[in-house]
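What follows is a single structure, written as structure tokens, with notes after it.
Bear in mind that the values here come from a model prediction, so they are computed numbers and not experimental data.
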Amino acid sequence: MPHHALEITLTRPLPPPVLNRACRLLPLAANHDGTRLMALVAAKTPQRAAQRLRHRLGTRLPIDVITTHYPDADRTVLLNVALPSTAHAALTASARRARQTPERFVELALHRSLAEHADQEIDHLDQAVRELLAHTTPAYLLSAVGHALTRLPERHTP
């Protein structure tokens with residue numbers, strides 16, 4: 001049975017005794033401030049792994065979100081969120097009106113929101129470049145951007 005790497009985002013940092021008790025149930029790796037944990041869970045699918053993890057730790061830890069740590073072949077990441085019953089009911093009703101499953105409804109809403117954010121970021125950068133071009137030539141700006149990019153510390157980008 002395959003193992004799935006899952007990341008747990010907590011609603012608050014864990015005190016060491018709580019983390020130690022949770023680690024007795026399932027091996028976990030914590031980040032520096034105890035707000036994010038990593039776990040390997042055996043299951044046939046990532047969805048089942050997230051359900052299994054939430055079932056085992058959900059009553060013991062303040063879990064906010066569980067995600068797959070690595071994207072799948074379609075470059076998607078599973079998002080597992082436990083909603084309060086009123087939010088779940090509202091989501092289900094909205095999805096039903098849209099003739100979609102709640103999962104598909106949320107997926108499409110997230111895609112729309114991310115696309116809107118990307119458009120806003122592009123517009124913001126476009127405006128910033130126009131303001132810079134008001135005070136210099138395209139050649140100087142391009143040279144300055146190239147210079148700045150070669151001086152950036154190496155970092156991982158999606």
Can any side-chain N or O of T92 pair as donor or acceptor with the backbone N or O of H88 at less than 3.5 Å? yes
Are the side chain of N31 and the backbone N or O of T35 linked by a donor-acceptor pair below 3.5 Å? yes
I'd like a table of donor-acceptor pairs (distance under 3.5 Å, sequence neighbours excluded) in which one partner is a side-chain atom from residues 8-15, with atom names and distances.
| from | atom 1 | to | atom 2 | distance (Å) |
| --- | --- | --- | --- | --- |
| T11 | OG1 | P62 | O | 3.3 |

Euclidean distance, I66 CD1 relative to L78 CG, rounded to 0.5 Å: 9.0 Å
Cluster link L28 to L40, ILVMFWY, side chain under 4.5 Å: no
side-chain contact (heavy atoms from CB on, under 4.5 Å) involving [X] - partner list, sequence neighbours excluded:
X    : result
R151 : H147
A43  : H4, R48, A49, R52
I122 : none

With heavy-atom distances below 4.5 Å as the criterion, would you say the side chains of L6 and T67 are in contact? no
For a 4.5 angstrom cut-off between non-hydrogen side-chain atoms, does M38 reach H69? yes
With sequence neighbours excluded, residues passing side chain to side chain donor-acceptor pair (under 3.5 Å) with [X]:
X    : result
T76  : D72
H3   : none
R54  : N80
E107 : R104

Show which residues join L125 in its hydrophobic cluster (side-chain heavy-atom contacts under 4.5 Å, direct or indirect), or state none. none
Joining Ile, Leu, Val, Met, Phe, Trp and Tyr whenever any side-chain heavy atoms lie under 4.5 Å apart, the cluster holding L91 also takes in V65, L79, V81, L83, F105, V106, L110
Please table the atom pairs, donor to acceptor, closer than 3.5 Å between any side-chain atom in residues 128-140 and protein atoms at least two apart or in another chain.
| from | atom 1 | to | atom 2 | distance (Å) |
| --- | --- | --- | --- | --- |
| R130 | NE | D126 | OD2 | 3.1 |
| E131 | OE2 | Q127 | NE2 | 3.3 |
| T137 | OG1 | Y140 | N | 3.2 |

Start with the C-alpha gap between I63 and L37, add the side-chain angles, then the distance that decides, and say whether side-chain contact (heavy atoms from CB on, under 4.5 Å) holds. CA-CA 10 Å; I63 296 174; L37 307 172; over 6 Å; no
Note: L57 and A22 closest approach over all heavy atoms is CD2-O, 4.2 Å
Who pairs with R36 by salt bridge (charged side-chain N to carboxylate O under 4.0 Å, His left out), at least two apart in sequence or on another chain? E7
